[in-house]
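Counting convention: from 1, in listed order, for ligands and their atoms alike. The figures here come from the full heavy-atom set of this structure, side chains too, leaving out hydrogens, waters and symmetry mates. Quick caveat, the model's predicted, so the values are computed rather than measured.
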Amino acid sequence: MKRTLLALSLALASTTAAAEGAFDTAQDAIDYRQAAFGLIKENFSDMWAMMKKKKPMDEKAFAQRAQHLALLSQIPFTGFKVDGSDKGDTSALPAIWQEWDEFEAKAGAFQMATERLAAVADSGNADDIKKAFGAVGKTCKGCHDDFKAE
Ligand code: HEC
């Protein structure tokens, strides 16, 4: 009887873990969010190069990057909702879990800024794009300053 209960509670525990995003280990969750941020950076850097005239502006490519960035901005944050993912090979600061509401607010601001950029990149007004791009950059820095180790 005891064994059955143990087996049942183990099964339930793993169901809960799966519901948190199907990560087998906390390090998997860390790898996942870091990979997402890597793709975010890839897209952001290419747009940055176009904005700073380090490479020719290609409006279509820029708009597609902006779309992808808005989608990607949704991805990393499940990776922070996993117990134990504050430790391991991570530059996430403990402040994230101590000030979770603040962290979520910054994640939300980032997602909204990328939505806005994707919308104006479609319209093609250079001034609006410049402003919206700058606003996204501020949300990266605004979060990293408080929640990411160097
Ligand atoms: C709401 C907070 C938040 C926002 C917004 C945010 N980041 Fe991060 N970022 C983090 C945290 C926390 C980590 C550390 C993740 C870890 O190591 O577990 C990180 C890690 C990274 C990394 C390192 C990934 C790796 O391979 O270890 C890059 C690159 C990065 N962010 C780029 C960006 C860019 C570019 C933006 C904006 C376009 C951005 N981030 C927006 C919180 C944020």
For residues 59-71, please give each side-chain donor-acceptor pair under 3.5 Å, one per line with the distance, not counting sequence neighbours.
| unit_1 | atom_1 | unit_2 | atom_2 | d |
| --- | --- | --- | --- | --- |
| R65 | NE | D46 | OD2 | 2.9 |
| R65 | NH1 | N43 | OD1 | 3.1 |
| R65 | NH2 | D46 | OD2 | 3.3 |

Inset, instruction - Please work out whether any backbone atom (N, CA, C, O) or any side-chain heavy atom from C-beta onward of T114 is under 4.0 Å from ligand 1, and answer side chain, backbone, both or neither. - result: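 The answer is neither; T114 stays 4.0 Å or more away.
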Inset, instruction - With heavy atoms under 4.0 Å as the rule, classify the contact between F147 and ligand 1 as side chain, backbone, both or neither. - result: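 Within the 4.0 Å criterion, F147 contacts ligand 1 through backbone atoms alone.
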Legend entry - Proximity winner for atom 18 (O) of ligand 1, if only heavy atoms of D146, N43, T90 are counted: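 Considering heavy atoms of D146, N43, T90, the nearest to atom 18 (O) of ligand 1 sits in T90.
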Inset, instruction - Using heavy-atom distances, let me know which of F110, F103, F133 sits nearest atom 5 (C) of ligand 1. - result: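 Of the listed residues, F110 has the closest heavy atom.
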List every atom of ligand 1 that sits less than 4.0 Å from any heavy atom of [X], numbering the atoms from 1 in the order shown and giving each element.
{"X": "I96", "answer": "12 (C)"}
{"X": "T139", "answer": "5 (C)"}
{"X": "F77", "answer": "1 (C)"}

Inset, instruction - Could you tell me whether Q34 and ligand 1 have an N or O pair separated by under 3.5 Å? - result: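 N/O-N/O distance under 3.5 Å: yes.
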Legend entry - With K87 via salt bridge (charged side-chain N to carboxylate O under 4.0 Å, His left out) - residues at least two apart: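 Salt bridge (charged side-chain N to carboxylate O under 4.0 Å, His left out) check on K87 returns nothing, list empty.
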Legend entry - For D83, salt bridge (charged side-chain N to carboxylate O under 4.0 Å, His left out) partners two or more places apart: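 D83 satisfies salt bridge (charged side-chain N to carboxylate O under 4.0 Å, His left out) with no other residue.
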Legend entry - Protein N, O or S atoms under 2.8 Å from atom 8 (Fe) of ligand 1: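 That number is 1, waters not included.
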